[in-house]
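Letters go in sequence order (proteins before strands), and every chain restarts at 1. These numbers come from the heavy atoms of this one structure, side chains and all, not from hydrogens, waters or symmetry mates.
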Amino acid sequence: MRISYNWLKDYIPLQYSTEEIKNILTFSGIEVEAVEEMPALQDTIVTAKILSADKVEGSDHLHVCQVDTGDQVHQVVCGAANCRAGITCVLALPGTRLGDITIKAAKLRGVASNGMLCSERELGISENHEGIIELGSDIALGHNVNDLFGLPDTMFEFEITPNRSDLLGLLGIARDLSASTGIPVNTPTPHFTESDLPVSSLLSVDIADENLCSRYTARVIRNVTVTESPLWLKTKLTKIGLKSINNVVDITNLVMFESGHPLHAFDFDLLESTGEIKEIKIRNANDGEIITALDGKNYKLDINDLVIADGVKPIAIAGVIGGMNSHITESTKNIVLESAVFDPGSVRRTAYKYKLTTDSSYRFERHISAPSTDYSTGRAVQIILELAGGSLCKGICDSYPIPLAESILGLRPTRYESIIGYKLSDETILKYLSGLGLEFVQYGDWKAGNITDLASVYCYHAEQINLGNAVFEEKIGCQHTMYFRIPHYRVDLEREIDIIEELARLDGYDKVPQKTTISLIMDRHAYEVKRRAKSYFSGCGFFEVINFSFDDPENIALLGLDETFQEANMISLINPQSSNQSVMRTTLIPQLLKTMQYNINHGESNVRIYEANKVYLRGNDGAHSENMRFSALVMGKNTEEHWLEKNSNTGFYHIKGIVDGLLNTLNLKISDVQNNTTPYLIDSFSVKYLSGASEVLRFGKLKPEVASKFGIDLIDLKQDIWVIDIDLNSVIELGRNFERKFIPIPKFPTVERDISFVISNEVPYSILREHIMKIDHQLICSVNVFDEYKGKQIPEGFRSLSLHIVLNDSGKTLTIERVDKVIDTIINMLLEKWQIKMR
Amino acid sequence: MHQQLLDLIDKAQIDIAQCSSPNDILNAKALYLGKKSYLNTLFSQLRELSAEERPAFGQKINDARTKIEELLNFKEKALKTQNWDKQNAGVKTDFSMPGIMPERGGLHPLTIIMHEIEDTFLSMGFEIAEGFDIEDEFHNFDALNTPKDHPSRNLADTFYLDNGKLLRTQTSPVQIRVMENFKPPIRIISPGRCYRNDKPDPSHSPVFSQVEALVVDKGVSLADLRDTLQNFAILMFGPNVKSRIRPHFFPFTEPSAEIDISCVNCGGTGCRVCKNSGWLEMGGAGMVDPNVFNIVGIDPEIYSGFAFGLGIERITMLKYNIPDMRILFENDLRMLRQFR
């Protein structure tokens, strides 16, 4: 729903800025979907009267006008169709800025023009650009127009939740704002005088089914003057996007937006009758009955549609749209003013069936309360009499078969606390609820549902409070409850919990204390890394083993590690159970080798094992560190033996693949890979991965002489043992802040190219790859080696490499020329840098 | 000539229908569409026709050609499909030969159980807190309200280290460290290794694992402990398991209790596993002693809490029917393979 801030201020004197009011509304549950500022217009935009308008020679639409601004006459060329002498309009003088354009004195078709006559769109008050604005003739000339158009103003677009039909009028919104801000609402009081002619002598109303129409009221006003609406009324409607029709129709719309209750006016004289007086019947349509609606379209109705009919024919689709056959025109003299309540379901079905959603159906669908017809009729009558004159018939045709029962609901402040989580004082509750129009009735004992007999909830507490006793002896057995009379327009308040919601909303959800149940003690990232690493290694065929935290210092010494891990830095037990369990382990590897040996002795030839556990290092002054390590051993075939396929021995690149796969699983990229010396590994097969200066992991082939010290004779077994040793703590820390991000799937096809060349063994693949990628990071998506060849036809010290290069442009399809150019650049770079030979 | 073309198509249709091998198809292709085919000779005759007749007849020849090509392609596809079906239908598969399983290892059974326990508690809104294996006397004993001369402090029970510290005898020091560093509400479990100077035997190991739970908040009672225990028992051992607590003594809880669950082997009727009692002892529990709260600076008048501890080895042995705790630390692949 679109509303004007200035119009809203008619009902509640708000002083808030746009931002402030937006916040207040949002936090009281009225979502502001859009805000549109309508700035004040410059003083160079003034009221002016067209004295003369003559055709410009050679143009079919331009007029040259002499325009009077009171103290001066300006010559202006105007192209609007409604431009004519005698009308008062809005003139933008040269120098005025309107949006992006500046009005300048200019010549059109050789005729001097000193300004522009403006349309509503040009002034930014509506989308209407059909012609120039026509003001009434009583407007003073040469004046700034801001007051006329209520500028500056702010337009809000609200999203009203379907339960809040009371917010579909400005008064409802004002009421809600009043409850949250404490600023009182100015509700206009309808006042008018009736003539002596009773309405019942002219019109009768009959509801066929009270389930479809719970109330129908009609008033008759005679001898009205239907004419154009005054500017203030037009402006109000224009700003919220409605088209001005005539004063009577505009008033019904005005009152609808004010009260939230749709109204409709019929031309009394166009109603046909079968009897003495005119009749209005609210009945189901006859199958096949046709009505021409106000949108100019014909609707063929059926028995499920509710219509308003006169004695002969339908004159409106109830709650949805009026009929052409009875609508108000400038020749209308006598009118019938309808204010009624139709069944939401019926209105919704009909509106949906005919794809006909109107301001009226939108409101009826959301359930409007029957008593609200009183205000809307009264208010419309008042304004019609003011603006269109006429005389109001005495009384009202009111068919209201089952009047709405009064609703009184109880609220337990203690219940508020247990549902919302904090206490509200009785005073605060009273303040908010009376702001919403709920009337406090009395204190009492708790009883659920609508209270029809107030005496039934009267209790000791109520008695004491009603006597004015703030302090009194607590008596068990009654629950402190406040009873409220629910205003008819709050159809959504049916239970205690609905009132609790209102209170929580008005006091602000930000007041709800945030309860803590989780203190964020857990290191979830570390937990995740440990789990992932273990499950990854299990997936690679490894078995987890668990060894004691104690070890034999002599076992550890066998690895020949540097002194950090040697006995001086080990923490010893004062009371070990045996000498081979006398220190806290500084590495997991010796026990893994023991486990390996145990299993070899039991006939295993393919062994993949790991342990993920702590190692313990002595620190200074009694301090120590406990670090998570992840260590693994591999011996034997790369895959399990099988009758169908032969399997190969596990080699360096299998191990590197396992390690790289782990890093990949953990979202880590480590490119600093170095050959290193590890005392227990063979130098030529020993690698470490570094991040900055610190080592993340190392792996390599175990020296046979080390293996033999653990009782494993690799020469005899004809086997290799590979060792992986990972610093899990640093793996955890490296990946701590990584967040996986989706990379869009290429929209255009990728192009793949293979190149093969001979290059010196001295050039590492990673350097090669890096240099190729650098050629064009945008286009080259990946570079992968798919073949390496040494031997026949390749000189000693060289190898042939075959690379698979994938290219893609995220913006367009790659042309062969572009691909060729990139590949040529790559080859030239390789030639220049490393003197490769293409194959 | 029009009639000749129709006849040609008819003849081609019959010939192509009789093709029974890829070779037949090739021959038919040569015969009807090849250089020396009738259609080709017709093409060469085109120039003898008048300029008006030529396009229409040329079109006819092309139509005939397309038609024959379609027939050939259709037949070729049909033959290939036939062949494919024949190949697959002819295979005799010994379904009893073993399949090729992808490589897979496994977690140690203790880890499997630990993960299950962790997941069970995580699902109940607990967090996991870890601490040090190497602890000081304060966190392992003093802060847990253990008297200075309590026998558990003996060398025969606790491993002491040459740096003045000791190996924790339970994971309770983690609770102390958490309570020192975090304000309630606290809802944690602390899984981890513990050490006691017990000689390895079927039911003892100097290194073992525990998981402890600690809940500290306003209004936590023994009833909450019972609720958590029962939920844990059901999630770990199934919907029919019952739990109970029996009075006991621990220095750091008051009241203290031991936890039993109904025997998972016999269901409570009595058997060898539960020594005919129908109940299995699972660990210790109780309400956190006010002295412990005072030490860590939590007001016992405002907060209360419960704690309990469970032995992972015992639960693992019960769940997998492992008779001797030492089996768990041998790392024999023949045992480990059973749990992949």
Side-chain angles (χ1 to χ4, degrees), chain A residues 515-524 526-527 531 534-535 537-550 570-577 581 584 591-592 594-595 598-599 602 604 607-614 616 618-619 621-624 626 638-640 642-645, chain B residues 97-98 100-111 115 118 122 125-130 132-134 136 155-156 158-167 178 181-188 193 195 197-200 205-207 209 217 328-334 336-337 339-340:
Chain A
K515 222 175 168 177
T516 329
T517 50
I518 298 288
S519 303
L520 300 179
I521 296 165
M522 180 175 177
D523 183 346
R524 284 181 164 75
Y527 163 85
R531 287 251 177 144
K534 284 186 179 187
S535 88
F537 265 74
S538 297
C540 294
F542 285 76
F543 286 95
E544 185 194 15
V545 304
I546 292 185
N547 283 306
F548 284 0
S549 312
F550 323 124
M570 291 176 190
I571 301 163
S572 302
L573 276 77
I574 286 173
N575 51 341
Q577 288 189 345
Q581 292 184 359
M584 300 305 286
Q591 287 161 314
L592 278 171
K594 282 278 174 202
T595 304
Y598 170 95
N599 280 296
H602 286 87
E604 302 286 345
V607 181
R608 292 187 163 206
I609 50 174
Y610 72 88
E611 180 167 9
N613 242 319
K614 284 178 179 171
Y616 310 82
R618 184 188 293 282
D621 304 327
H624 78 283
E626 300 181 11
N638 186 39
T639 50
E640 280 188 49
H642 195 269
W643 58 273
L644 189 59
E645 286 167 359
Chain B
M97 289 289 271
I100 308 175
M101 276 191 252
E103 200 65 5
R104 78 222 149 90
L107 296 173
H108 192 283
L110 286 174
T111 304
H115 285 185
E118 286 174 356
L122 286 174
F126 280 75
E127 296 187 86
I128 297 174
E130 286 174 293
F132 302 110
D133 292 17
I134 297 174
D136 49 40
L155 282 170
T158 301
F159 287 113
Y160 286 88
L161 302 169
D162 64 354
N163 63 355
K165 294 189 175 163
L166 51 80
L167 290 171
V178 167
N181 292 303
F182 294 92
K183 288 193 182 79
I186 291 167
R187 246 177 114 72
I188 54 151
R193 280 198 159 182
Y195 307 81
N197 202 347
D198 293 326
K199 290 288 176 204
S205 168
V207 180
S209 336
D217 203 347
L328 291 169
F329 298 103
E330 270 172 5
N331 298 311
D332 192 314
L333 283 169
R334 290 166 297 182
L336 294 172
R337 272 198 205 96
F339 296 95
R340 66 175 161 192

Any idea which of [options] has the most non-hydrogen atom pairs under 4.5 angstrom with chain B?
options: A/N613, A/I574, A/L573; value: A/I574
options: A/R618, A/K515, A/E645; value: A/R618
options: A/F542, A/F537, A/F548; value: A/F548
options: A/C540, A/P576, A/S572, A/G539; value: A/S572
options: A/N575, A/T639, A/V607, A/D523; value: A/N575

### Message
I'd like to know if A/R524 pairs up with B/E127 as an ion pair, taking the criterion as any Lys NZ or Arg NE/NH1/NH2 lying under 4.0 Å from an Asp or Glu carboxylate oxygen.
### Response
yes
### Task
State which residues pass ring-ring contact (aromatic ring centres under 6.0 Å, His included) with B/H115; sequence neighbours excluded, sorted by chain then number.
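Partners of B/H115 under the ring-ring contact (aromatic ring centres under 6.0 Å, His included) test: none.
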Highest number of heavy-atom pairs under 4.5 Å with chain A: which of [options]?
options: B/G106, B/P185, B/A129; value: B/G106
options: B/N197, B/I134, B/L328; value: B/I134
options: B/V178, B/L110, B/I188, B/T111; value: B/T111
options: B/M97, B/M101, B/K183; value: B/M97

Atom group of [X] that falls short of 4.5 Å from chain B, counting heavy atoms:
X: A/F543; result: both
X: A/A623; result: backbone
X: A/D621; result: neither
X: A/Y527; result: side chain
X: A/T595; result: side chain
X: A/L644; result: side chain

For [X], which atoms come within 4.5 Å of any heavy atom of chain A: side chain, backbone, both, or neither?
X: B/P98; answer: both
X: B/L167; answer: side chain
X: B/T158; answer: backbone
X: B/R193; answer: side chain
X: B/L155; answer: both
X: B/E330; answer: both
X: B/F182; answer: side chain
X: B/K199; answer: both
X: B/Y195; answer: side chain

### Task
Measure the shortest side-chain to side-chain distance between B/E118 and A/R531 over non-hydrogen atoms and say whether it is less than 4.5 angstrom.
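Yes, their side chains come closer than 4.5 Å.
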Using a 3.5 Å distance criterion without hydrogens, assess whether the side chain of [X] forms a donor-acceptor pair with backbone atoms of [Y].
X: A/E544; Y: B/L107; answer: no
X: B/D162; Y: A/I571; answer: no
X: A/E604; Y: B/R334; answer: no
X: A/N599; Y: B/N331; answer: yes
X: B/E103; Y: A/E640; answer: yes

### Task
State, to 0.1 Å, how close A/Q577 and B/D198 come at their nearest heavy-atom pair, and which atoms those are.
NE2-O, 2.8 Å
### Query
Hey, is CZ on B/F132 packed in by over 12 heavy atoms from elsewhere, all under 6.0 Å?
no
Hey, could you give me the [atom1]/[atom2] distance between [X] and [Y], rounded to the nearest 0.5 Å?
X: B/D332; Y: A/H602; atom1: CG; atom2: NE2; result: 6.0 Å
X: B/L161; Y: A/M584; atom1: CG; atom2: CE; result: 6.0 Å
X: A/I546; Y: B/F329; atom1: CD1; atom2: CZ; result: 7.0 Å
X: A/I521; Y: B/E130; atom1: CD1; atom2: CD; result: 13.0 Å
X: A/S519; Y: B/D217; atom1: OG; atom2: CG; result: 8.5 Å

### Message
Measuring centre to centre across the rings, with the benzene-like ring taken for any Trp, is B/F159 within less than 6.0 Å of A/F550?
### Response
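They qualify: ring centres under 6.0 Å apart.
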### Counterpart residues, side-chain hydrogen bond (donor to acceptor under 3.5 Å, both in side chains), relative to B/R187 (two or more places apart)
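B/R187 satisfies side-chain hydrogen bond (donor to acceptor under 3.5 Å, both in side chains) with no other residue.
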### Donor + acceptor pair across side chains of A/Y616, B/D133 (<3.5 Å)
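Checked: A/Y616/B/D133 side chains pair up, N/O donor to acceptor below 3.5 Å.
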